[in-house]
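Just so it is clear, the structure is predicted and the values come from calculations on it, not from any experiment. Numbering of ligands and ligand atoms starts at 1, following listing order. Numbers here are sequence positions counted from 1. Hydrogens, waters and symmetry mates play no part in the numbers below; they use all other heavy atoms, side chains included.
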Amino acid sequence: MHYLDHAATTAVLPEAAALACRVMTEQFGNPSSVHKMGIEASGILETARRRTAALLGCTPAEITFTSCGTEATNTAIAGACRRRGRGRHIITTAIEHAATLNTVRRMEQEGFAVTYLEPDSSGHISAEQLRAAVRPDTVLLTCMLANNEVGTLLPVKEFGKILRKKAPEALFHIDAVQGLARIPIRPKQWNADLISVSGHKIGAPKGIGALYIRKGVHIAPLIVGGGQERGMRSGTEALPNIAAFGEACRLRGEQMEENYAAVEALCAYLEEGLAERFPWAVVNGAPDIPHVRNVSFPGCKSEVLLRVLEMHEVYVSSGSACARGHASHVLAAMKLDPARLDSALRISLAPSNTKADIDALLDALEEGTRRLRGTP
Ligand code: PLP
């Protein structure tokens, strides 16, 4: 099996799985209980919070655990917009994940005006575009750190500076789901107020995320109840997932540099192979991180190519895994021509991949594209 779809999700790290299992079967107390098992559970919770905070470059008190990246983003956007007596203008980008786009659309239905910053054909958005969009009544800028479909980075440091200067009351939310454990997260340097992350992209199980809320920022919770997570996210804490997330943050944080270098080397190997064997294929956009490559094979419909690769146990994605069957809104916003839109594959790498995975992908692509293009 050759899994090259790590931007969709990735395997749980064995250490994280072992810890989750122990928390499920042995240390299964409720962190709110005042007896010994509750206190032990509360200790596990706070250890995970410390480890997560370390990877996010913040204090443990600034971390709220959520059920996923999507919930963290919903909480951040709705919470920032619904602060009383503020303006009614949101800025986001046309290349956000559905978690952001659909929450922003909900805010639009509540009467907020939204500016969508458009990418250029390389998949980038400039600081100048943001500067022109900020208004005195802007309440929120919400954008991603790394794009999940084309691997471009947004200039969050410049964005943060501009927002602070031109709309000091506005909040800055960053969806860092695809950046976590790949590049350093710097909330202070970026002037970020809110940052969403997700566990299942970095080796924790699915169903765990976190929201960084800068000290001093007050937003209303999305879910109310027993007041867990300092009132920001009620519901008995998903301790096995939280512990596993903390462990994944610790391990992936320790290995960030070497993992980055390993993925970079694999990506270079992939790009060489593509250029040599498929000189007619095109890499979409100008990616900044080596973890994601979006490549079009004109003349080969991505869905069909995907099936051929699957027969060889090679797993990649067509566009974003969250946008099944729909043309990618990211590639469409980059104004790529239909032939490229229809034939795009997203290949996303992790440090666990090997050159053998890339070779298997290239061989399967050769067979698939030869068949689909009708060449001998
Ligand atoms: N944001 C980005 C950029 C993503 O890639 C994803 C997942 O694909 C999410 C948010 C949603 O995260 P989760 O699956 O934890 O809800």
Any side-chain donor near an acceptor of the partner, S348 and H291, under 3.5 Å: no
Min side-chain heavy-atom separation F28-P240 under 4.5 Å: no
Provide the number and element of each atom of ligand 1 under 4.0 Å from a heavy atom of S198. 13 (P), 15 (O)
Check: A7 N/O within less than 3.5 Å of ligand 1 N/O: no
With the side chain counted from C-beta on, respond yes when L55 and V197 share a heavy-atom pair under 4.5 Å apart, and no when they do not. no
Relative to the ring of Y315, is the ring of Y3 parallel (under 30°), tilted (30 to 60°) or perpendicular (over 60°)? tilted
Can you find a side-chain donor-acceptor pair between T152 and H124 that sits under 3.5 Å? no
Pick from T66, N148, D175, T9: the one approaching atom 2 (C) of ligand 1 most closely through a non-hydrogen atom: D175
Does the residue K201 have a heavy-atom contact with ligand 1, meaning some pair of atoms that are separated by less than 4.0 Å? yes
Taking only heavy atoms of M144 into account, list the atoms of ligand 1 that are under 4.0 Å away from them. 3 (C)
Under 3.5 Å, is there a donor-acceptor pair linking the side chains of Q228 and E237? no
Which ligand 1 atoms are under 4.0 Å away from a heavy-atom of H200? 13 (P), 14 (O), 15 (O)
Below 4.0 angstrom from a heavy atom of C68, which ligand 1 atoms are there? Numbered from 1 as shown, please. 15 (O), 16 (O)
Does ligand 1 have a heavy atom under 4.0 Å from the side chain of V177, from its backbone, from both, or from neither? side chain
Donor-acceptor pair between Q178 and H97 side chains, under 3.5 angstrom: no
If you count the atoms of ligand 1 from 1 in the order shown, which ones are under 4.0 Å from a heavy atom of Q178? 3 (C), 4 (C), 5 (O)
